[in-house]
Each structure stands twice: as C-alpha cells, then as structure tokens.
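Here's the structure we're looking at; comments come further down.
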Amino acid sequence: KLEKLDGMWAFAYFNFKNNSLIISRDKFGEKPLYYSLKNNELIFGSNLNYISTISNSNYKINYHKLESIIKNSFRTLFLNNETLFKGISSLESGTYLEFDSKKNIRIKKYWLPEKVKTKKNKSYKKIITDLKKEFFKSIKRRFISDFQISCALSGGIDSGSIVSIANRKMKKKIHSFSIKPKNLNYSENENILKVVKQNRLNHTFVNIQKNNSKNLKNLNDIIKKTSSILPTTTWLIFNELCKKIKKSKCKVVLSGSGGDEIFAGYYIHHLIFLYSLKNDISFNKKFDEWKKYVVPYIRSNKLKNFDYFKKLKNFNERKFYEYLDNNSYVKGKLRRKNILDKGINLSDFKKSLFTDIFKFTLPFQLYSMDNVAMYNGLESRVPLLSGDIYKYILTIPTKYFIQNGYSKKILRDLVKGFLPSKLLKDRNKIGFFMNIDDIYDFKDKKIINLIINNKFIKKNTYLEKIKE
C-alpha cells in the first residue's frame, strides 16, 4: 500500500490486466507531478515543460493564479491544484490519480495523517526517546546513494542536526555548503562555524555577487527551463549554492526544510500557540515568556502584536495575518478562500501546522527546491519529512511544542548532545535568506523599468506606494 512507502516519489504504474494507469505523488509533495486531460488523453510529468512538449500545445498563462500570488502572497501557490497554466493541474501530495480504460479519472488521498489523535498520557521523556529513533531512521534512509552527498547548512537546528547526526551517529562524512550574506542581520555564520568545527566538516561558503545582468539572466533561464517562478530570494541564492555543489561532484543535496512547519519554528507560531492557550491557566506564564525571550528578536511589529492577533475573526484571517497589509498595495478586492477543507479535526495550533505543511509554507519551498536542484542536475532530499515522524508529532499535546520561549522545543531536545549547546539555546530565528538589495542594484533604471513597465503589475498594484 502507498501509505507504507517512505521518502519522495512521483511515479506512474500501468496495469495491463485492466488497462488502467495510476500516477502517484509522495506524502509531502517533495517531487512535483503535473497532469493535463486533453482530447481524452492524460498527459503527465514532473516538469510543466514536459506536458506542453508532449501535447505540442501552448497552454495559456493562468493570470487569475498570478493575481492571487501577487495579492495574497506566494504562499497561496498551492492552496488548490491550479498551476500557472490553464489546463494543467498539480496532483496534491499524498494522492494518487487513476485513469481507467474508459478514460475516467478518479483522484483519491491515500494518506490522511490528520485522523491521528492526541495521546495525553505519554510522558515527555518517552516522546523524545521515540522521536529520536524515528529521526535517526529517517536520516539513515536518506543516505542511501551511489553518489557523494552534500548538505545545505543554514546555521539553524534543522540542517545542523542532520549533518551532526550523520557524522557522529552514522560516521558519514558529507560536504556542507552555506551562503555568506553581506547583511549581518541575516548571517548565521557563527552557528555554522560551530557545527563545522564540532563535526570537522568539509565546508564551503558561497559568496553572492550583486550583479543585475548575471542574476537576471540566471532567473530568466530557470523560469524558462522549469516553466516555474521563484517565489523569494531564497531560491536565487539556493541556485548559486547548487552550482557550487555540482562543481564539487556531489549529486545529492540534503536540506533541513520542514523542521519549522513540523515542530513549530516560525515567529507566527508563537502567536498561534498563545491564542490556543488564551483560556488556559498557563496563558499568563507563556505570554510573559514570549514577551521576555522572543519579542526582542522580532523585527516585524505585526508579529509582536498579540492583542491585535487575538481579535482576528477566524482561522483564515490568522493564517493570512502577515499579509493583511497587502490591501494597501494591491488593486481590487482580495479573494481569500478558506485554506483548509472542512472536517480537519485538529486543534487550532495543530491545524495551523498542518496547513503550513500541506498548503501554505512548505509546498512552495519543496516546489522551488526541486526545480532549482534539478535545473542544476542535483537530487534534493529532506530527512525531516518522514510520515512516521509527522504522525507521531500529531499525537503530542500542544503544550510541549513551545516551552520557556523556545520554539521547536521537541526538536531541540531530541538532538541534544549532537549540536553545540549555544546553538540549541539560541531563540533568534533567521533562516536561509538574503536581502534582495544584496542581489540586485535597484539604483539601476533598467531593473526598475522592468518592474514598473510590466502591464500585469501595473494593473494589479499601486506602484507609487510600492516604490515608497
């Protein structure tokens, strides 16, 4: 059965007995899978370009989808199965599609982790012991390869734990790569060097040059060859990282993606956590811990304002909280549909994490990561995305996710002894990021004109306010 498989895949299986075809995608959507039904023919592939080439058709751009991304953020890219091209759909993660001999289509979810129930009587010590075994098992499986393996090392707990466990538990030596940002606000070099030194890693820092001509050419080439957009600057710098990895002769790149979504690592998760406890006896204590230990690190005034957050009307508004100010910059009415199907029987906090994993933040990361890695001839793997790990996480009471102002407290505790203690005690959240001003020179009129002369951008945004 498909739910018993672990890892990433996008495969097709043809049953010659009943002349039916099944195409399937892995549980978290690490590998993309697109399909189009045209003239009673099913065309499918892991790259949008494959479908247009096989069908010998020019699919029209889905401007409604682009409008949604501009108005509601890039995180809406996978709220439904529409793609950037009309007539081409994306198969959801944890799903298979059957195309029978009569050319009927049936789409079914084979994995429903949200049906798992919380187990309140399990001790925290037992939780950490169980998860540690699952985490070790997942990393070990992702190291099965005929080629040398690399890792994108950000300086956070997620990627740091992968290289440290691989090195110290499994005796695997891997080549790690990191970006060296010029803006110290986005630098995790100190943490990176601690992990490198502790594990005696072969490590490479990659410098990103501010070069409009080169960086625009790279961006244009990636978009053309993948028929996909790059939602944030993260994926431009990941492309530079992949270039270096490819030159090192590595064929596989590991990533710590998924850690923030599964274990609750974003600043917004603190607000959702507090909201879930608003009527609980522990609220005042948790709120004071957040104000004392977390708020000093937060740059966004919006993410510091719990009083405003708790007044939001519903789950949907709370998920779009960081983007509510978009109203000031975009024209027309914002269309924000409910981002979760009815019937998801989870607490608000776990429902939020579920949405981040399968709808909101992780899908666009995996989409971009696979596109950029494959563009560079690399295979990306994500050890934290294990079905067994996630199903176990859903059984854990909410109170354990954030403790004493520490996000991802469960992950911090299960990798204790593998990472430097200073890194485990670091509450600051930076992530794999680089300011766009360090990549493009916006004093150059050519790049400004490229933006302001775009008819679609003019139609949907107030450019003067954006320029301000």
Side-chain angles (χ1 to χ4, degrees), residues 1-14 22-33 44-47 49-50 93 133-154 158-179 195-196 199-206 222 225-226 235 238-259 365-389 418 432:
K1 292 183 177 180
L2 288 171
E3 65 265 27
K4 292 184 177 180
L5 296 180
D6 181 41
M8 60 176 188
W9 70 80
F11 68 72
Y13 169 78
F14 188 78
I22 287 178
I23 61 174
S24 169
R25 195 173 176 204
D26 65 74
K27 293 172 181 175
F28 294 94
E30 289 185 60
K31 296 300 293 183
L33 186 52
F44 59 92
S46 57
N47 185 306
N49 282 343
Y50 299 166
S93 60
K133 290 177 184 176
E134 292 297 338
F135 193 28
F136 290 169
K137 184 169 68 176
S138 183
I139 292 175
K140 187 176 181 180
R141 284 175 174 173
R142 271 68 179 177
F143 267 83
I144 299 171
S145 176
D146 295 326
F147 302 100
Q148 190 176 347
I149 292 176
S150 65
C151 184
L153 186 61
S154 69
D158 310 325
S159 57
S161 63
I162 292 167
V163 297
S164 297
I165 290 169
N167 179 55
R168 301 174 69 185
K169 179 79 175 174
M170 298 162 49
K171 309 302 179 188
K172 298 279 188 182
K173 291 291 181 184
I174 60 177
H175 192 164
S176 56
F177 293 79
S178 303
I179 294 298
V195 174
V196 168
N199 293 285
R200 298 179 181 178
L201 296 175
N202 177 16
H203 184 75
T204 300
F205 274 110
V206 179
I222 293 170
K225 289 184 178 175
T226 65
W235 307 107
F238 183 63
N239 181 55
E240 296 303 311
L241 207 70
C242 286
K243 285 181 183 178
K244 284 286 185 182
I245 293 172
K246 186 177 181 179
K247 286 181 180 178
S248 75
K249 307 300 182 185
C250 293
K251 295 290 185 181
V252 177
V253 54
L254 301 179
S255 161
S257 291
Q365 291 179 46
L366 298 176
Y367 154 89
S368 303
M369 186 189 306
D370 185 79
N371 278 328
V372 174
M374 293 301 290
Y375 169 78
N376 285 282
L378 302 175
E379 179 187 318
S380 60
R381 296 181 184 178
V382 190
L384 283 163
L385 296 186
S386 155
D388 290 336
I389 288 176
F418 288 96
F432 188 71

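Position 1 is the first residue of the sequence, and the numbers go up from there.
Considering only heavy atoms from C-beta on, Trp9 comes within 4.5 Å of Ser24 through its side chain. A heavy-atom distance below 4.5 Å is not found between the side chains of Ile23 and Phe11. Counting heavy atoms from C-beta on, the side chains of Glu379 and Lys251 never come closer than 4.5 Å.
Residues Ser145 and Val252 share a closest heavy-atom pair of OG-CG2, 3.8 Å. In plain terms, the two heavy atoms of Cys242 and Ala373 that are nearest each other are SG-CA, 4.2 Å. Gly29 and Asp26 get closest at one heavy-atom pair: N-OD1, 2.6 Å. Minimum interatomic distance between Gln365 and Ser257 (heavy atoms only, all atoms of both residues): OE1-OG, 3.7 Å. Leu153 and Val163 make their closest contact through CD1-CG2, 4.0 Å (heavy atoms, listed as atom of the first residue, atom of the second, distance). Residues Val253 and Ala152 share a closest heavy-atom pair of CG2-N, 4.0 Å.
No more than 12 heavy atoms of other residues, nucleotides or ligands sit less than 6.0 Å from atom NZ of Lys244. Heavy atoms of other residues, nucleotides or ligands lying less than 6.0 angstrom from NZ of Lys173 number more than 12.
By the side chain to side chain donor-acceptor pair (under 3.5 Å) test, Asp388 pairs with no residue at all, sequence neighbours left out. Residues that satisfy the ring-ring contact (aromatic ring centres under 6.0 Å, His included) test with Phe44, not counting sequence neighbours, are absent from this structure. For Phe205, the ring-ring contact (aromatic ring centres under 6.0 Å, His included) test picks out His203, with sequence neighbours left out. Partners of Phe238 according to the ring-ring contact (aromatic ring centres under 6.0 Å, His included) rule, which considers only residues two or more places apart in sequence or in another chain, are Trp235. Qualifying ring-ring contact (aromatic ring centres under 6.0 Å, His included) partners for Phe136, counting only residues two or more places apart in sequence or in other chains: Phe418. Under the side-chain contact (heavy atoms from CB on, under 4.5 Å) criterion, Met374 pairs with Lys31, Asp370, sequence neighbours left out.
Inspection of the Asn49 and Lys225 side chains reveals no N or O donor paired with an N or O acceptor under 3.5 Å.
The CG atom of Asn199 sits 15.0 Å away from the NZ atom of Lys172 when rounded to the nearest 0.5 Å. From Ser161, atom OG reaches atom NZ of Lys169 across 14.0 Å, with rounding to the nearest 0.5 Å. For the atom pair OG (Ser380) and CG (Leu254), the distance works out to 9.5 Å, reported to the nearest 0.5 Å. How far CG of Leu241 is from CZ of Phe177: 7.0 Å, rounded to the nearest 0.5 Å. For the atom pair Asn371 CG and Ile222 CD1, the distance stands at 9.0 Å (nearest 0.5 Å). In this structure, OG in Ser150 is found 14.0 Å from NZ in Lys249, a value given to the nearest 0.5 Å.
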Evaluate Met8 against Val382 for side chain to side chain contact (heavy atoms under 4.5 Å, CB included), listing each step before the verdict. CA-CA 9 Å; Met8 60 176 188; Val382 190; over 6 Å; no

Just do the side chain to side chain contact (heavy atoms under 4.5 Å, CB included) check on Leu385 and Leu366 with the steps written out, would you? CA-CA 11 Å; Leu385 296 186; Leu366 298 176; 3.9 Å; yes

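Under the 3.5 Å distance criterion, the side-chain polar atoms of Ser138 are left unmatched by any main-chain donor or acceptor of Glu134.
Asp6 pairs in a salt bridge (Lys or Arg N to Asp or Glu O under 4.0 Å) with only one of the listed residues (Lys27, Arg381, Arg141), which is Arg141.
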